[in-house]
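Worksheet: one structure, shown below.
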There are 2 protein chains.
Amino acid sequence: MSIRTLCLAILHGGDATGYEIKKLSVEGKYRYFADASFGSIYPTLARLEAEGLVTLREEQQAGKPARKIYSITEAGRQALVAELSELPAPDIFRSAFMLVAICAELLPKRVVTAAVDARLGNLAAEIGHLEEIAGSTNDPATRWACEYGISCMRTSATFLAANRARIEEIAGTSRDEAAPTPAATLEMDR
Amino acid sequence: MSIRTLCLAILHGGDATGYEIKKLSVEGKYRYFADASFGSIYPTLARLEAEGLVTLREEQQAGKPARKIYSITEAGRQALVAELSELPAPDIFRSAFMLVAICAELLPKRVVTAAVDARLGNLAAEIGHLEEIAGSTNDPATRWACEYGISCMRTSATFLAANRARIEEIAGTSRDEAAPTPAATLEMDR
DNA sequence: TAGGCCATGTAACCGGTTACATGATTAG
DNA sequence: CTAATCATGTAACCGGTTACATGGCCTA
């Protein structure tokens with residue numbers, strides 16, 4: 001999912017400045033598509049404007065740079081529809097946690113425990129976040145997407161809570177801790 | 001998750017050539033971490049070897065380039081543990097499908113239907129794949145990870161099957177296909 | 001008074017992909 | 001006869017991040 005499509009989709013949801021687009025893509029309901037930085041958003045917006053897919057109006061502000069408020073044009077909406085109409089690329093799930101799990105046998109138990117706790121915390125935060133969005137929107141499509149996400153994450157958290165002992169046990173069984181390998185030996189190279 | 005860590009993790013699971021590492025990271029149980037191409041794997045392996053984190057032995061073959069079989073060293077294992085011991089970065093979920101769902105109101109029904117079908121197909125394939133891995137491994141950590149994934153994907157597929165009508169309906173209600181798109185309703189809740 | 005929020009933008013860098021180059025063997 | 005599989009590697013490219021530059025206002 002390119003920053004380009006992301007910007008068009010957000011702008012379809014309503015006018016916004018580059019600054020606001022970044023917030024929405026990092027914190028808001030659009031964060032499941034690509035997280036954008038200023039360094040990618042501002043140039044993209046400029047290009048989109050040059051192509052006539054968005055327009056902007058400026059709002060002067062004392063002291064700060066003028067707010068550039070972007071709106072999607074009809075051509076922009078068409079471009080968005082065209083991009084969304086292609087069969088969506090398969091979803092991507094990248095999990096550092098899963099790698100820890102698969103390599104559990106190699107790790108001390110406390111590392112696995114910390115990873116499980118962190119993941120459980122992330123899931124809880126994410127669920128709370130989605131519930132908040134779902135509760136404050138009128139858009140049925142957004143609510144549908146939130147419910148979908150909540151359903152998946154609840155299952156994930158439930159599985160983790162119910163099965164964490166098993167993976168922690170696998171970590172526990174490795175020759176670890178007790179061995180005289182105190183962190184020092186780890187950082188010798190480089 | 002860098003290619004570097006991925007290579008180390010795969011090599012911890014057993015010796016492999018660059019070619020095999022690629023297959024494992026695209027098709028095998030390691031595909032949830034990063035998908036690597038030859039252009040990234042071969043240079044990474046060379047660097048790892050220069051740093052002493054892996055060793056290689058060559059196997060001559062008639063006609064083909066010699067197989068370079070890499071093995072992780074004790075230093076490599078330590079580097080891997082060090083990297084895994086840092087609190088894992090939060091999981092990443094990027095869904096083109098979800099963007100289609102959120103923008104459903106903009107799209108003709110058949111596009112949403114096709115997207116749902118494709119996703120359901122992907123989920124079924126993925127579940128089948130994980131079941132196969134789970135059934136053919138002796139490693140309890142791998143089995144645990146597979147069960148986790150299967151549990152999550154089953155929920156996902158179940159939700160989709162049960163709720164697809166709702167999102168397809170939202171698409172259906174839009175002025176679709178040939179209609180000369182009137183100015184969109186200026187509804188912007190976020 | 002330090003730090004975070006608002007608000008824009010540029011430039012250097014980098015990790016990774018794509019396309020290329022080579023070529024024998026096997027399956028359809 | 002074609003396409004895929006095996007098997008290595010390089011070079012150009014590119015999308016995106018990080019760090020930088022600027023600066024006023026508000027809160028702890």
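Everything numeric here is computed off the predicted structure, so don't read it as measured data. Order of the sequence lines fixes the chain letters, A, B, ..., with proteins taken first and strands second; residue numbering starts at 1 for each chain.
Whole-Å rounding puts the E58(A) CD to dC6(C) C1' distance at 16 Å. Summarising the geometry, the separation between CG on L48(B) and P on dG15(C) is reported as 14 Å, rounded to the nearest angstrom. To the nearest angstrom, P of dA7(C) lies 9 Å from OH of Y42(A). Rounded to a whole Å, the CG atom of L6(B) is 11 Å from the P atom of dT17(C). The CZ-P distance, from F38(B) to dA12(D), rounds to 21 Å in whole Å. Here dG15(D) presents its P atom at 8 Å from CZ of R47(A), a figure rounded to the nearest Å. Whole-Å rounding puts the K22(B) NZ to dC6(D) C1' distance at 12 Å. Separating the CD atom of E27(B) from the C1' atom of dC6(D) is a distance of 13 Å, rounded to the nearest angstrom.
The nucleotide whose nearest atom lies closest to any side-chain atom of S37(B) is, among dT18(C), dG16(D), dT8(D), dT18(C). Side-chain proximity of D35(B) to dT17(C), dT17(D), dT5(D): nearest is dT17(C). Side-chain proximity of R67(B) to dT8(C), dA7(D), dG16(D): nearest is dA7(D). Here dT8(C) is the nucleotide among dT5(D), dT8(C), dG23(D) with the atom lying nearest to any side-chain atom of K68(A).
Looking at R166(B) and E147(A), a side-chain N of the basic residue comes within less than 4.0 Å of a carboxylate O on the acidic one, giving a salt bridge. Ion pairing between a basic and an acidic side chain is recognised when a charged N comes within 4.0 Å of a carboxylate O; E131(B) and R154(B) show such pairing. Using a cut-off of 4.0 Å between Lys/Arg side-chain N and Asp/Glu carboxylate O, D15(B) and R57(B) are scored as salt-bridged. A salt bridge is absent between D91(A) and R94(B); no separation between the charged side-chain nitrogens and carboxylate oxygens falls under 4.0 Å.
Ranked by how close their nearest DNA chain D nucleotide is to the 5' end, A36(A) and P65(A) are led by A36(A). Nearer the 5' end of DNA chain C, as judged by each residue's closest nucleotide, is the contact made by K64(A), out of K64(A) and G39(A).
Using a 4.0 Å cut-off, some side-chain N or O of S40(B) falls inside it from OP1 or OP2 of dT17(C). Side-chain N/O atoms of Q61(A) include none lying less than 4.0 angstrom from OP1 or OP2 on dC6(C). In this structure, K23(A) reaches the dC6(C) phosphate: one of its side-chain N or O atoms is under 4.0 Å from OP1 or OP2. Proximity of T17(A) to the phosphate of dT8(C): a side-chain N or O atom is located under 4.0 Å from OP1 or OP2.
As judged by a 4.0 angstrom heavy-atom cut-off over every strand, A66(B) is placed among residues touching the sugar-phosphate backbone only.
Transitive grouping of hydrophobic side chains (ILVMFWY, heavy atoms separated by less than 4.5 Å) keeps Y42(A) and L24(A) in distinct clusters.
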